[in-house]
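Accompanying notes for the structure given below.
By convention here, the first residue in the shown sequence is residue 1. These numbers come from a predicted model, not from an experiment.
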Amino acid sequence: MLLVALLVCYLKKFRQVKTPYTRKIFHFLIFTTASIFQFRFGLSLVVLFGAIVSIFVLAAVVAGEGFVFYEAMARQTDRPHRTLFVLIPLFTTALGGVLINLFFPQFSYIGYLVGGWGDAVGEPVGTRWGKHRYAVPSLMGVPAQRSLEGSAAVVLVSTGVAFAGLYLAGYPVPTAIGTALACGMGGAAVEAISNHGLDNLTIQVAAAGIAHYLLT
């Protein structure tokens, strides 16, 4: 966790990487680590890891504006609620993890992977190449948009990473491909209609739930 925090701080302070990118790098690395821990070592290590992540994020929030780790996570576009939109994803990520482990424990790692990789790629792709934008529901009056290009990237990356996870778990290639495509499309669909700040929850539940429904 310390290495992840140091990496995004370095990118923000010394490479002037924009916050939408440092935030998603953090998001990607945290979810990926959680999925590896869940698959290899079980839920207890994920819970410990999640607690450590929460401590780091809350410490950054307490430090506030100007602190490099805070600036690496808090979007300028979320003003005047920058802190709120750091805390809401932290809470919804944790809640999503709890729900998928309660209802779909066998496929919780798929929820982490799709939530971590698929959601992480949508915003940077949309920021860089998004031309066909659409409004999404928001919270606290902060306007939010996504793009068809970003949503397409969510489908592609989510499908790829779900396939990799299922294949490594021992599922036959045809089964893994079909299930992964359903997870990717389902994850992208709920991400497209989720409130700004809540998609960390909805994507995890959708992906793990679809895998559970198709494979059990």
Side-chain angles (χ1 to χ4, degrees), residues 20-21 23-39 43 46 49-50 53 57 73 75 78 85-127 130 134-139 144-166 176 178-215:
Y21 297 100
R23 179 185 175 107
K24 290 305 182 181
I25 290 169
F26 180 79
H27 176 99
F28 160 77
L29 291 173
I30 293 303
F31 269 90
T32 301
T33 302
S35 66
I36 294 170
F37 284 175
Q38 179 87 33
F39 188 74
L43 180 59
V46 177
F49 179 65
V53 171
V57 173
M73 293 186 296
R75 302 184 189 95
D78 286 332
F85 283 100
V86 173
L87 294 175
I88 288 175
L90 178 65
F91 173 76
T92 56
T93 297
L95 179 58
V98 169
L99 291 176
I100 61 178
N101 276 285
L102 282 175
F103 296 106
F104 319 117
Q106 185 179 353
F107 300 102
S108 55
Y109 70 99
I110 296 296
Y112 298 150
L113 288 172
V114 172
W117 289 57
D119 182 48
V121 77
E123 183 176 355
V125 169
T127 299
Y134 57 92
V136 296
S138 188
L139 298 173
Q145 289 186 333
R146 297 192 176 107
S147 69
L148 294 180
E149 292 80 3
S151 294
V154 174
V155 174
L156 291 174
V157 173
S158 296
T159 299
V161 73
F163 169 76
L166 292 167
T179 304
L181 182 60
C183 291
M185 295 180 67
V190 299
E191 193 261 355
I193 62 174
S194 295
N195 288 65
H196 178 50
L198 301 185
D199 50 346
N200 284 1
L201 164 63
T202 56
I203 292 177
Q204 287 188 81
V205 173
I210 290 169
H212 173 83
Y213 176 78
L214 292 177
L215 296 175

[X] and [Y]: which non-hydrogen atoms are nearest, and at how many Å?
X      : Y      : answer
Ala180 : Leu166 : N-CD1, 4.0 Å
Glu191 : Arg146 : O-NH1, 2.6 Å
Ala192 : Ser151 : CB-OG, 4.4 Å
Ser108 : Ile100 : O-CD1, 3.5 Å
Phe31  : Thr93  : CZ-CG2, 3.6 Å
Val205 : Phe104 : O-CE1, 4.0 Å

Atom pair [atom1]/[atom2] of [X] and [Y] - distance to nearest 0.5 Å:
X      : Y      : atom1 : atom2 : result
Tyr112 : Ile36  : OH    : CD1   : 12.5 Å
Ile88  : Leu95  : CD1   : CG    : 12.5 Å
Phe163 : Thr179 : CZ    : OG1   : 10.5 Å

Discussion item. Before you tell me yes or no, could you show the steps for Val136 and Gln145 under side-chain contact (heavy atoms from CB on, under 4.5 Å), namely the whole-Å CA-CA distance, both residues' side-chain angles and the distance that decides it to 0.1 Å?
Written reply: CA-CA 6 Å; Val136 296; Gln145 289 186 333; over 6 Å; no

Item to complete: Walk me through it: do Leu99 and Leu201 pass the test side-chain contact (heavy atoms from CB on, under 4.5 Å)?
Response: CA-CA 9 Å; Leu99 291 176; Leu201 164 63; 3.8 Å; yes

Worksheet item: Ignoring hydrogens and geometry, is there a side-chain-to-backbone donor-acceptor pair from Gln38 to Ala34 under 3.5 Å?
Response: no

Worksheet item: Does atom CZ of Phe103 have more than 12 heavy-atom neighbours, drawn from other residues, nucleotides or ligands, at distances under 6.0 Å?
Response: no

Discussion item. Measuring only between side-chain heavy atoms, which start at C-beta, is Val154 closer than 4.5 Å to Asp119?
Written reply: no

Practice prompt. Evaluate the side-chain proximity of Ile110 to Ile210: yes if any heavy-atom separation is below 4.5 Å, no if none is.
Written response: no

Discussion item. Val57 vs Phe26, test: side-chain contact (heavy atoms from CB on, under 4.5 Å). Steps then yes/no.
Written reply: CA-CA 11 Å; Val57 173; Phe26 180 79; 4.1 Å; yes

Practice prompt. Assess the side chains of Ser194 and Asp199: does a donor N or O sit below 3.5 Å from an acceptor N or O?
Written response: no

